[in-house]
Amino acid sequence: MCTGGCARCLGGTLIPLAVFGVLANILLFFPGGKVIDDNSHLSDEVWYFGGIGSGILMIFPVLVFLGLKNNDCCGCCGNAGCGKRFAMFTSTLFAVIGFVGAGYSFVVSAISINKGPKCLLANSTWDYPFHSGDYLSDQALWSKCEQPPDVVPWNLTLFSILLVTGGIQMVLCAIQVINGLLGTLCGDCQCCGCCGMGVLSMAACRKPGPSEAPVNAF
């Protein structure tokens, strides 16, 4: 498989992950599915825009990865001017940008899950009632949050989605860094000789000339 084809596959996979991240971040502004009266009652991590920021940053690597679709394996054999090495190197740089954005969303989500949501307590104050993720193993503690309704499972579910999507995005971008470096060193296609197929791939790509008509054996 050409390194450009691998990049296109990764780019297509990153699109729904970015969309899920943005939607999850938007839903966090409506704890328990309700519109909150005072925005200061939202958890601080909601305002860090982990999913939205990651989704925006992911646009650039996705466009670059999908832009490699014009790579033509057999068309580039033997032509040193169309090896696509520079394009693959550029995709590596943008993969790093995507990795940073996904890493930001991953870290913000992990902090929020460990910290727990901000909610209305029995003493009529809005605060963070949980400590070091203690509510994760003891669901009875969730009753400390009186308002908004179901804010604990709501935040936990959405930040978990952001955590998982961010982690997957980091892995995919890391794969593209390696893939892009291979494409930079070897060229985009297997048939260029460096990435394993060598002479056999070049022979398969090569079209016979007019003087090379097949000879029938008797």
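Pairs of residues two or more places apart, or lying in two chains, that qualify as disulfide bond (SG atoms under 2.5 Å apart) and include a residue from residues 101-164 are Cys119-Cys145.
Summarising the local packing, CZ of Phe20 is surrounded by 12 or fewer heavy atoms from other residues, nucleotides or ligands at distances under 6.0 Å.
A 4.5 Å side-chain heavy-atom check between Phe49 and Val108 finds every atom pair outside the cut-off. Phe65 has its side chain within reach of Ser91: a pair of non-hydrogen atoms, C-beta onward, lies under 4.5 Å apart. Taking 4.5 Å as the limit, every side-chain heavy atom of Val62 sits out of range of all side-chain heavy atoms of Leu10. Within the 4.5 Å cutoff, no side-chain heavy atoms of Ser160 are placed close to those of Thr157. Side-chain contact between Leu42 and Pro31: present, with at least one pair of heavy atoms (C-beta onward) separated by less than 4.5 Å. With contacts defined as side-chain heavy-atom distances shorter than 4.5 Å, the pair Asn114/Phe159 does not qualify. You'll find the side chain of Phe29 stays beyond 4.5 Å of the side chain of Ile36, heavy atoms only. For the pair Tyr128 and Ser43, the minimum side-chain heavy-atom distance is below 4.5 Å.
For the atom pair CG (Leu23) and CG (Leu158), the distance works out to 10.0 Å, reported to the nearest 0.5 Å. Going from atom CE of Met58 over to atom CG of Leu172 covers 8.5 Å, rounded to the nearest 0.5 Å. The distance from atom SG of Cys173 to atom CD1 of Ile178, rounded to the nearest 0.5 Å, is 12.0 Å. The distance from atom CG of Asp44 to atom OG of Ser112, rounded to the nearest 0.5 Å, is 9.0 Å. The CG atom of Leu156 sits 11.0 Å away from the OG atom of Ser109 when rounded to the nearest 0.5 Å. Note that NE2 of His131 is 9.5 Å distant from CG of Leu141, once rounded to the nearest 0.5 Å.
Looking only at atom types and distance, the side chain of Ser132 has no donor-acceptor partner in the side chain of Asp134 under 3.5 Å away.
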| said: Pair Phe106, Met170 - check side chain to side chain contact (heavy atoms under 4.5 Å, CB included), show working. | reply: CA-CA 9 Å; Phe106 183 89; Met170 290 171 65; 3.9 Å; yes
| request: Evaluate the criterion side chain to side chain contact (heavy atoms under 4.5 Å, CB included) for residue pair Met88 and Gln176; output intermediate values, then yes/no. | output: CA-CA 9 Å; Met88 294 305 299; Gln176 176 53 28; 4.1 Å; yes
| request: Test side chain to side chain donor-acceptor pair (under 3.5 Å) on Asn123 and Thr125 and set out the steps. | output: CA-CA 6 Å; Asn123 58 4; Thr125 61; 2.5 Å; yes
| task | Mind running side chain to side chain contact (heavy atoms under 4.5 Å, CB included) on Val64 and Leu93 for me, showing each step along the way? | result | CA-CA 10 Å; Val64 171; Leu93 300 180; over 6 Å; no
| message | Between Lys118 and Asp127, is the side chain to side chain contact (heavy atoms under 4.5 Å, CB included) condition met? List the steps. | response | CA-CA 5 Å; Lys118 188 176 186 179; Asp127 204 349; 5.7 Å; no
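Note: the hydrophobic cluster containing Ile111 does not contain Val151 (ILVMFWY, side chain heavy atoms under 4.5 Å, direct or indirect links). Cluster annotation: Leu163 is not connected to Leu14 through the hydrophobic network of ILVMFWY side chains, with a link wherever side-chain heavy atoms come within less than 4.5 Å. Grouping the Ile, Leu, Val, Met, Phe, Trp and Tyr side chains by contacts below 4.5 angstrom, directly or via other members, places Ile56 apart from Leu66. Under a hydrophobic-cluster definition in which Ile, Leu, Val, Met, Phe, Trp and Tyr are linked whenever side-chain heavy atoms come within less than 4.5 Å, directly or via other members, Phe99 and Leu63 are assigned to different clusters. Cluster membership check: Val22 shares its hydrophobic cluster with Phe30, using side-chain heavy-atom separations under 4.5 Å among Ile, Leu, Val, Met, Phe, Trp and Tyr.
Residues satisfying the ring pair (Phe, Tyr, Trp, His ring centres under 6.0 Å) test with Tyr104, not counting sequence neighbours, are none. With sequence neighbours excluded, the residues that form a side-chain contact (heavy atoms from CB on, under 4.5 Å) with Leu181 are Thr92, Val177.
The closest donor-acceptor contact from the side chain of Asn155 to the backbone of Pro117 lies at 3.5 Å or more, if one exists at all. Not a single donor-acceptor pair under 3.5 Å links the side chain of Ser54 to the backbone N or O of Gly51. A donor-acceptor pair under 3.5 Å links the side-chain atoms of Thr13 to the main chain of Cys9, judged by distance alone. Between the Asn25 side chain and the Ile52 main chain, a donor and an acceptor come within less than 3.5 Å of each other.
Here the closest heavy-atom approach between residue Phe130 and residue Trp142 is recorded as CZ-CA, 4.1 Å. Between Ala102 and Gly166, the closest heavy-atom pair is CB-O, 3.5 Å. Between Ala24 and Ile161 the shortest heavy-atom distance is CB-CG2, 4.2 Å. Summarising the geometry of Leu121 relative to Pro129, their closest heavy-atom pair is CD2-CB, 3.6 Å, with the distance given to 0.1 Å.
Using bins of under 30°, 30° to 60° and over 60° for the plane-to-plane angle, the ring pair His41/Trp126 lands in the parallel bin.
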